[in-house]
Amino acid sequence: MAERFLPYGHQTVDADDIEAVVKTLSSDYLTTGPEVVAFEKALAAQSGASHASVLSSCTAALHAAYAAIGVGPGDEIVTSPLTFAATGNAALYLGARPVFVDIDPSTGLIDPALIDDAITSRTRAIVAIDYAGQPADYDALRRIAAQHNVSVVADAAHSLGATDAGRSVGTLADVTALSFHPVKLITTGEGGAVLTDDADVHSRVMEFRSHGMVYEGSRLSHDEGPWYMEMQSLGFNYRLTDIQCALGRSQLRKLPSFLARRRAIASLYDSSFSSVSGLELPGRRPGVEPAWHLYVVRVSEPSRRRAFFEALRRRSIGVQVHYLPVYRHPYYQDLGYSEGLCPRAEDFYARAVSLPIFPGLSDGDVARVIETVTAVAREVLA
Ligand SMILES: Cc1ncc(COP(=O)(O)O)c(C=O)c1O
């Protein structure tokens with residue numbers, strides 16, 4: 001009998017999540033109702049950020065966050081390319097340009113030492129990606145940002161619940177974007193959020209997600225009537241529904257147990273693979289407790305990566321690769337970015353393989369991943 005396919009990531013949805021969702025279906029609000037407000041309150045409480053706004057995806061959250069800090073046509077954001085295309089795309093939506101700087105080769109996180117040289121008079125923000133669930137070095141990034149009077153944005157699609165020296169994701173950068181896609185730390189199907197302590201940024205995000213409409217602070221000199229709302233800026237429909245927020249709120253209650261399971265699996269992988277030759281394990285920043293969205297090993301020899309990947313897939317271990325450096329996508333190449341721009345990110349990509357890690361993996365599943373990866377590494381990488 002073929003063994004069960006173990007994907008690299010998978011949602012964990014239980015009966016109480018389903019019950020929470022079903023309850024909203026017979027309530028008065030399917031969208032823009034009390035579950036939205038309650039989920040936002042819960043996200044702010046979990047992270048320690050003063051404000052949370054939920055949006056239809058992390059892509060929407062990044063778009064709104066960049067717009068809210070003033071990124072516009074002709075501007076630049078400084079970011080790293082080891083990420084999903086959305087981090088760069090959200091700048092392109094606004095007519096801005098991502099400037100890519102290279103990563104720390106051990107962690108895959110943006111290397112603060114390279115940022116100064118990339119900053120110009122057009123830079124509006126430094127955008128760090130918490131690759132695989134580990135917070136970037138926001139203390140260093142904030143120091144650089146303060147010198148140049150730019151904002152720090154965290155693309156925390158991978159890192160809800162992670163901490164750095166005890167401080168939570170959501171409080172480390174000026175603005176933080178989360179993802180609730182099913183493979184992420186918690187899910188709402190599709191979904192995302194912006195966290196910030198800045199009340200002005202928060203209110204601009206709220207406007208941006210709903211067509212730029214405002215109910216108060218009209219520019220009219222007279223009182224038109226109690227029905228009146230007006231559009232003061234160009235926004236989108238980036239709202240998240242009450243149905244989704246009910247799922248999100250139920251999921252968020254389980255975040256501590258999800259994280260504990262991810263951390264236990266990562267620690268088993270660390271100890272089991274440390275003696276497997278041909279494999280490099282994920283590097284850790286001191287003081288950081290990652291959320292372990294991904295567990296990414298690197299093969300020593302890039303030419304063996306494909307054979308390693310395919311052998312694992314044949315044995316139903318659903319490995320994946322995160323990520324092709326953003327500027328190597330043909331669309332970015334057409335914009336004039338050239339291959340070789342960030343050699344460390346290219347080397348990272350060429351050797352990376354993400355192993356299955358999610359709370360629903362049983363002890364038996366984890367043992368199977370460890371056994372199979374060890375055996376395949378011996379066959380293919382030795
Ligand atoms: C680092 C990163 N940023 C942004 C996104 C976009 O998230 P979403 O699918 O919620 O729009 C992803 C999704 O995979 C991601 O991994």
Side-chain angles (χ1 to χ4, degrees), residues 7-11 39 43 52-67 71 77-94 98 100 103 107-110 125-136 138 152-162 169-170 172-173 175-195 205 208-209 236-241 244-245 247-248 251-252 262 282 290-296 320-327 329 332 342 345 348-349 352 354 357-358:
Y8 80 89
H10 194 275
Q11 71 273 16
F39 185 33
L43 282 168
S53 27
V54 293
L55 294 96
S56 52
S57 68
C58 181
T59 306
L62 287 164
H63 190 187
Y66 294 173
V71 174
I77 61 154
V78 173
T79 189
S80 66
L82 192 70
T83 182
F84 187 61
T87 319
N89 294 351
L92 298 180
Y93 300 158
L94 293 161
F100 294 105
I103 55 165
T107 58
L109 300 170
I110 193 166
I126 300 167
V127 181
I129 296 95
D130 293 346
Y131 179 79
Q134 172 163 224
Y138 290 101
V152 176
V153 178
D155 180 338
H158 298 185
S159 61
L160 175 65
V169 162
L172 301 172
V175 194
T176 299
L178 303 175
S179 174
F180 308 131
H181 179 277
V183 293
K184 300 296 182 352
L185 288 316
I186 63 166
T187 192
T188 58
E190 298 284 355
V194 174
L195 306 173
V205 168
F208 194 81
R209 82 168 178 194
F236 292 75
N237 178 352
Y238 276 165
R239 297 186 297 261
L240 197 64
T241 65
Q244 291 170 294
C245 289
L247 177 56
Q251 288 264 300
L252 191 60
R262 286 179 181 276
W292 292 109
H293 161 55
L294 299 174
Y295 189 92
V296 182
Q320 191 46 276
V321 170
H322 300 92
Y323 295 95
L324 178 70
V326 172
Y327 60 79
H329 286 288
Y332 278 80
C342 297
F348 196 110
Y349 160 70
S354 304
I357 188 165
F358 56 90

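Remember, it's a predicted structure, so these values are computed and weren't measured experimentally. Order of appearance sets the numbers: ligands from 1, and atoms from 1 within every ligand.
- Note that OH of Tyr238 is 7.0 Å distant from OG of Ser57, once rounded to the nearest 0.5 Å.
- In terms of polar-atom proximity, defined here as any N/O pair under 3.5 Å, Ile129 makes no such contact with ligand 1.
- Phe100 contributes atom CZ, which lies 7.0 Å from atom CD1 of Ile77 (distance to the nearest 0.5 angstrom).
- Both the backbone and the side chain of Cys58 come within 4.0 Å of ligand 1, counting heavy atoms alone.
- In this pair, His63 and Phe208 present their aromatic rings perpendicular. The plane angle is above 60°, beyond the 30 to 60° band.
- Ligand 1 does not have Ala61 within reach: every non-hydrogen atom of the residue lies 4.0 Å or more from it.
- Remark: ligand 1 and Asp155 share an N or O pair separated by less than 3.5 Å (distance only, no angle test).
- Interface of Thr59 with ligand 1, defined as ligand atoms under 4.0 Å from a residue heavy atom, comprises 6 (C), 8 (P), 11 (O).
- When only interatomic distances are considered, the shortest N/O to N/O separation between Glu190 and ligand 1 does not fall below 3.5 Å.
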Practice prompt. Begin from the C-alpha positions of Leu178 and Leu43 and carry the test side chain to side chain contact (heavy atoms under 4.5 Å, CB included) through to its verdict.
Written response: CA-CA 10 Å; Leu178 303 175; Leu43 282 168; 4.2 Å; yes

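- No donor-acceptor pair under 3.5 Å is formed between the side chain of Tyr66 and the backbone N or O of Ala125.
- The backbone N or O of Thr187 sits less than 3.5 Å from a side-chain atom of Gln251, completing a donor-acceptor pair.
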Donor-acceptor contacts under 3.5 Å from residues 87-94 side chains, at least two apart:
residue, atom, partner, partner atom, Å
Thr87, OG1, Thr83, OG1, 2.7
Thr87, OG1, Phe84, O, 3.3
Thr87, OG1, Asp155, OD2, 2.8
Asn89, OD1, Tyr332, OH, 2.7

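- With a 4.0 Å heavy-atom cut-off, ligand 1 is reached by the side chain of His158 but not by its N, CA, C or O.
- An N or O contact shorter than 3.5 Å is missing between His181 and ligand 1 by distance.
- At least one heavy atom of Lys184 lies less than 4.0 angstrom from ligand 1.
- Not a single heavy atom of Tyr131 sits under 4.0 Å from any atom of ligand 1.
- Below 4.0 Å from some heavy atom of Gly191 lie the following atoms of ligand 1, by number and element: 10 (O).
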